[in-house]
Each structure stands twice: as structure tokens, then as C-alpha cells.
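Let me begin by presenting the structure, written as C-alpha cells, before commenting on it.
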Amino acid sequence: MITEQLAGLLSAAVTSACQSGELSIPADTTYDIKLETPPDKQFGDFSSNLALVLKKATGIKDSRVIAEAICRYLPTDQKLIMRTEVAGPGFINLFLNPEWLYNCLQTIRERDTAYGILDTSTGERVLIEFVSANPTGPISVVNGRAAALGDVLGNLLTSQGCEVAREFYINDALNSLQLNVFSRTVQARYLQQLGYALLMPDGRLEPGAVSNSSASGTISFPEKGYPGEYVTDIAKAIVQDIGDTYAKPTLQIFSPTPTVTQAEVDETDAYFRKVTLGQMIQAQRNALEAFGVQYDCWFMESSLYEAGSVEATIKTLSERGYTYTKDGALWLKSTEFGDTEDRVLVRSNEKATYIAADAAYHVNKYQRGFTKLIDILGADHHGYVARLQASVAALGYDRTQLEIVITQMVSLLRDGEAVIGGKRKGIVLELKEDLIDEIGKDAARFYFLLNSYETPTTVDVELARRQSNENPVYYVQYAHARLCNILRKASEVGILPPVNNVDYYKLLTHPRELDLLRRLADYPGEVTLAAQRYAPHRLTRFAIDLAGLLNLFYENCRVLPTRDGDVSQELTLARIALVDGARIVLRNLLTLLGISAPDRMDRLDSNTAPAAER
RNA sequence: GCCUCCGUAGCUCAGUGGAUAGAGCAACCGCCUUCUAAGCGGUAGGCCGCAGGUUCGAGCCCUGCCGGGGGCACCA
């Protein structure tokens, strides 16, 4: 990397300046050499604030003096550094031989799909757990943020040499009250499909579905039942599958005076739970796959109970002395690990709490050999972080290996009004039906990857759908399609991209060409930075920026020969190489974001564009 | 009350302690005989919430205040 090379030269220059006595710094001084891209080209290719940083160590008041001393010991033999300049309060501006950019283009075309990817393994094994929505509802638009973040973060860490696994945690444990209520709701809808009317909590009567059975009567919709339409869909599927097989016992369960035996109730409940859970998980999986997210593992909470892990974890905590009994419940001394209060592990009714299962789950993650655990949680789980970390620490695991990423809220706007409520109120905007099916996977992903997860954001669903054409994803994809089009057109007239040859590249001297090359050179560093900061949106912004530079190049630098013959054959070849390099970078970039890079996009006729409808 | 995130252009948001604070959308004016106009050029739009502090330098760091979101269960 060029920046490392330059940092090495700067470091050597400081050493030389010290040896010659021009500078003196204490032997134990440590300093980072930062190389930045100046805001304006007139300040050179790179600039460093090294002299400003060394001010204290040297005791010299004027940083410009330090900067000048360093510059005297930089090799300005024209091979790499053309000239140096001291500017402002003491910046060292470096002007490089453009050859470095040509070498970079060569690297891009040689590396191709591997450009921007580190070959060396870090040995780090990362587990990213994200979304993990309760199996009582579909994947919602709000889940899209975590889904996009987790997936792309996985790509980014993989590109930096980590081994990454993606995981979805299914809250299917038997003590989940919500799941019971949910299953009951399905049962009510099942009976409705068979012809029974439902008495809703608000007193309304919902008629039974038309059915050829003679079933009739009224049953009450379960208290706090789930109102969403997807519940009815599951019921319909069950009817299709088994007909009225479970009609009798289910009806009895809803009767004020049930005559059914407990064994029959259990059997019926078990059936509905199983089918309901299976359907929900499948629906969630489908929605996430439509979003381009593939998990390596769907981990069931119930498996922890079945394996006795929850019990074992509680036992371990007790043996390590971090539990006590109070009010008939077993408590975790989480305050000893920084939590604001102690937490209940086992309730007085002897059922384990969620934190107990979660502690066991994280033990399981550690035991599988992962060296870094990343949990992506929504802002509403913020208060949960301390106790989770405390439980892990109490179990003797390295808390620093557990990183909890909190994504800020996504609020929804529909018809200009905030949509509040979620599953319990029946207003669920589904990621697949309400967004992906409307605007496509690419636009949906791009939308969520545009902003930092640390900022609360608002999704106006109508706007997101209607203005799909104004989504910047098309700007980026169009730029890629244009590049492909040039290459396609070129090959049609028998011009093929030239073999890697820096002699050709030297013809690329137009400012727009140099701007573009410079940005292509920045790419690997941007990927690294985005990975280090868990900031996929940096790449999204980079993509928009790069597309802008490509358009400028396109407007100003003709690639293929014209009738007037104002583009020489050599220049055409050089520019085709540049187009090829840009195509590679843009494609790699979109691939990291999980967004397709189309070879062509049909030109929109302004008369038929959605914009004309408004 | 405590914890936490946010406050930057009309809207949605970027912004590595650094030089003249940016993009997309929306608005206005132009540009298709030419590699795709999903494009390009131009105009307009800003006490970076407020007040102190730290320093050569603060949109960024610290403190306080104001405003908004979220969280503070033997729910998950």
C-alpha cells in the first residue's frame, strides 16, 4: 500500500533528521504517522500532520520548522515523491509521480475480484448473530436494518481475512408465553377457517370463512392474541394440510367448559405449536433470503434446554459464587460485573429467565471456538447489554470478545403518520411484501446501507416505494452498466482491453482520468476502514462518489474512436483499461454490499418514467 | 430521576481533531445527430441545537443546558 510506503519514508526521515541533530526527540516517543487525502488537489496527493504531532516531543514551537527539517530528509528523487511542500501550520504535503496510479491500475486488473480483499488470514473466527426476530411474526421492514448491517459486516470481515459465520437465534423455548399465545391465535383462526365466528376483544364479530362443513358457532379470540393477517395465512395452510382433524379438541380448548382431557389438549397444542413455528421460521427465512441474506445456522433456543445447557450454566454460576437466593428466586450478582442491579436467573416459579438461556447460548458460542462474538441488537435492547456482558464475565469468559452492536431505531411513516405498534397491534410492514417485492432487493438493501446504524432513521414506506427510481442505487448500477456497455461496444468493433501495460496507462493524463484513478486507489483502504469501524455505509457512500467520478470521466473523456478520429488508438486502449479497472472496483464494491452489478440497464424514456406520473 | 443514542441545506443523511462543511432528493435554468439523458453543467439553499472549556486548530473531544428517540420486569 502506498500509504504504508510513504509512512515508512516519513519515519525514516525523522530518524535521519534526529541523527543529524536537526531534531531531537526523546527515545521513547511513540507517534502514529497519519497520511490523509488533502481536501484540495493543490495540496498534493497526500498530506501528513506529522510535524504538528511532533511539536511537543521536539520542544520546537513552530511546527513549520519541524516540517521543513523532515522534508529535507525525504527522498525526492522523482521515483515516487516529485516534491514536498510545507503548508498551513505545518502540514507536509507530498506530490507524487503519477506513475503510482498507473501501477495501481495494473494491480487492480491483475487482482480482479481479489482487489480490495486481504489474502492473509487473521485467524479470527467471528460469529455474527443478527435479526433473531421472535417467531411470532414476519420479518418486518424495521428488521431490514440489522439484516443489511449483519450481512455486509460479515462480507467486510471476510474480506479482511476473518472466518465469519452468520447466525439467527430462534426464541422458541417452551416457557415463551408469547409463543403460546401466538399458537392459540392460530388455533382460533383455524376454527374460523372451518366456519366458526370470532368474537374480537373490541366486541366485533368476525364471521367464519365460507366452508362446506356444517361447523357453526362463536368462539372468543384469545386475550392479547396476534391480529396480523399472516396468522390467518398459517391457519389456511393448516386447513389445507389436515382439514378439520383437530377441530374437535381445539373447539373444546376454547369452550368455557371444556370436556377434553389434558392429554388431548397437550397433543393439540403440540401440533399447532410445531406447525406454527415451522411456518413462521420458513417465512422468515424466505424473507431474509429474498433480501440476500443467508445464515450458516438457525440456532434454536429450545435446543439449549434439551441439552441441559441452561441448567448447567446456572449451576456453573452458582458454583463460581455469583448467585444467591432471595424472595424464592435465584439471582445473578451481575452488579459485581458492572450492571446496575442484580438479575433474576430462576424465577420463584422455578422457570429460568431469558438471561439464563442467553448466558447458556453465549457459552455455547464460546465453546464452538469463536474468538469474536458480535451481537447486533436494536436500541430497545440497550438496557440488556450490561447483564449479558456480566453473565458472560461471571462464567469466566473474556468479555472483550463479545461485541454488542446497538442499532438505533427505525421508525416508519405511512400516509405521513408514524406507524407505531408492531406485531401486537397488527400493523406490521413486512420486509418482503411491503418493500422488497415493491422496489427489489437491490434498492431495499441500498436504502438500509446508506446510513450509519448509529443514527435513528425514518423510513417513509410510500416514498421508498414510489421513489424507487430516485434511489441512488440506480445511479451506481447505471455507472457500472455504462462501463460494461463501453467494453461491449469496443469488443463489437474488435477492440479488446489491452494486456496490462503501464506504457499505455501513461497516456491517462486528463484530470478526470487522474481523479478516477486516485479514487480506485483509495478503495482497499476504504474497505479496511469500513470493516474496522463496522461501517458498511462508508462503502455505500464511496460507491455513489465513485459513480459520480465515472460519469464525469464519461462526459469528458471519449473512449471509443469517433468519426473525427480525435481519439488516438493508443489512448482508446488506455481508456479501455481504465474503464476495465473501474468496472472491477465498482463490481467488487457492489458485491461486498450484496447488490447486483448489472451489465446493462435499459435507458428510461422520460415519457414513461415514474417521475412523469407525478 | 438514572442510562443511552441523536440534533449539520426545505427533506433524508455523510463528514479520520486539520485547509473553502458535502451528497442524494426536492426547487429553478440549460444540455440528447456523438461510447445508454436512470446522465451532465449551472443557480439557489447553512449562527453544524445553545453556552462555556481543552489547543496551533473543534461539526468532531470535555462540561452544562435545551429539544427529540429508546431503555430502565421474577416479559422476550
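A quick note: this is a predicted structure, and the numbers were derived from the prediction, not measured. Here is how names work: the chains are called A, B, and so on, in the same order as the sequence lines, proteins then strands, and each is numbered from 1.
Here B:C32 is in the syn range [glycosidic angle within 90° of 0].
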Under 3.5 Å, sequence neighbours excluded: what are the donor-acceptor pairs made by side chains of residues 328-340 of chain A?
{"residue": "A:Trp331", "atom": "NE1", "partner": "A:Lys326", "partner atom": "O", "Å": "3.1"}
{"residue": "A:Lys333", "atom": "NZ", "partner": "A:Gly321", "partner atom": "O", "Å": "3.3"}
{"residue": "A:Ser334", "atom": "OG", "partner": "A:Asp339", "partner atom": "OD2", "Å": "3.2"}
{"residue": "A:Ser334", "atom": "OG", "partner": "A:Glu341", "partner atom": "O", "Å": "2.9"}
{"residue": "A:Thr335", "atom": "OG1", "partner": "A:Asp342", "partner atom": "OD1", "Å": "2.7"}
{"residue": "A:Asp339", "atom": "OD1", "partner": "A:Arg343", "partner atom": "NH2", "Å": "3.2"}
{"residue": "A:Asp339", "atom": "OD2", "partner": "A:Arg343", "partner atom": "NE", "Å": "2.8"}

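In this structure A:Asp434 satisfies the salt bridge (Lys or Arg N to Asp or Glu O under 4.0 Å) test together with A:Arg465, sequence neighbours excluded. Partners of A:Asp45 according to the salt bridge (Lys or Arg N to Asp or Glu O under 4.0 Å) rule, which considers only residues two or more places apart in sequence or in another chain, do not exist here. Residues satisfying the ring-ring contact (aromatic ring centres under 6.0 Å, His included) test with A:Phe182, not counting sequence neighbours, are A:Tyr226.
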* Asked: If you write RNA chain B from 5' to 3' in dot-bracket form, with Watson-Crick or G-U pairs under 3.5 Å, [ ] for crossing pairs and | for pairs with another strand, what do you get?
  -> (((((((..((((....[...)))).(((((.......))))).....(((((..]....))))))))))))....
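When the nucleotides B:C35, B:A14, B:A76 are ranked by their closest atom to the side chain of A:Asn451, B:A14 comes out on top.
Screening residues 565-584 of chain A for ring pair (Phe, Tyr, Trp, His ring centres under 6.0 Å), with sequence neighbours left out, gives no hits. Sorted by first and then second residue, the pairs that involve residues 521-532 of chain A and meet side chain to side chain donor-acceptor pair (under 3.5 Å), not counting sequence neighbours, are A:Gln160-A:Thr528, A:Arg518-A:Asp522, A:Arg519-A:Asp522. The salt bridge (Lys or Arg N to Asp or Glu O under 4.0 Å) contacts involving residues 448-459 of chain A comprise nothing, where partners must be two or more places apart or lie in separate chains. Within the structure, no pair that satisfies the ring pair (Phe, Tyr, Trp, His ring centres under 6.0 Å) test touches residues 544-573 of chain A, not counting sequence neighbours.
Donor-acceptor pairing under 3.5 Å is lacking for the side chains of A:Glu311 and A:Tyr305.
Between the CG atom of A:Leu388 and the C1' atom of B:G71 there is a distance of 15 Å, rounded to whole Å.
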* To do: Encode nucleotides 17-22 of chain B as B, S and - characters from 5' to 3', where the letter depends on protein heavy atoms closer than 4.0 Å: B to the base, S only to sugar-phosphate, - to neither.
  => -BBB--
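Comparing B:A14 with B:G57, their C1' atoms are spaced 23 Å from each other, to the whole Å. Nucleotides B:G45 and B:C11 have their P atoms positioned 16 Å apart, rounded to a whole Å.
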Are any protein N/O atoms closer than 3.5 Å to N/O atoms in nucleotides 40-42 of chain B? If there are, list each pair with its distance.
{"residue": "B:C40", "atom": "OP1", "partner": "A:Tyr475", "partner atom": "OH", "Å": "2.7"}
{"residue": "B:C40", "atom": "OP1", "partner": "A:Asn551", "partner atom": "ND2", "Å": "3.1"}

What nitrogen or oxygen pairs link the protein and nucleotides 2-5 of chain B at under 3.5 Å?
{"residue": "B:U4", "atom": "O4'", "partner": "A:His382", "partner atom": "NE2", "Å": "3.2"}
{"residue": "B:C5", "atom": "O2'", "partner": "A:Gln408", "partner atom": "OE1", "Å": "3.4"}
{"residue": "B:C5", "atom": "O2'", "partner": "A:Glu454", "partner atom": "O", "Å": "3.1"}

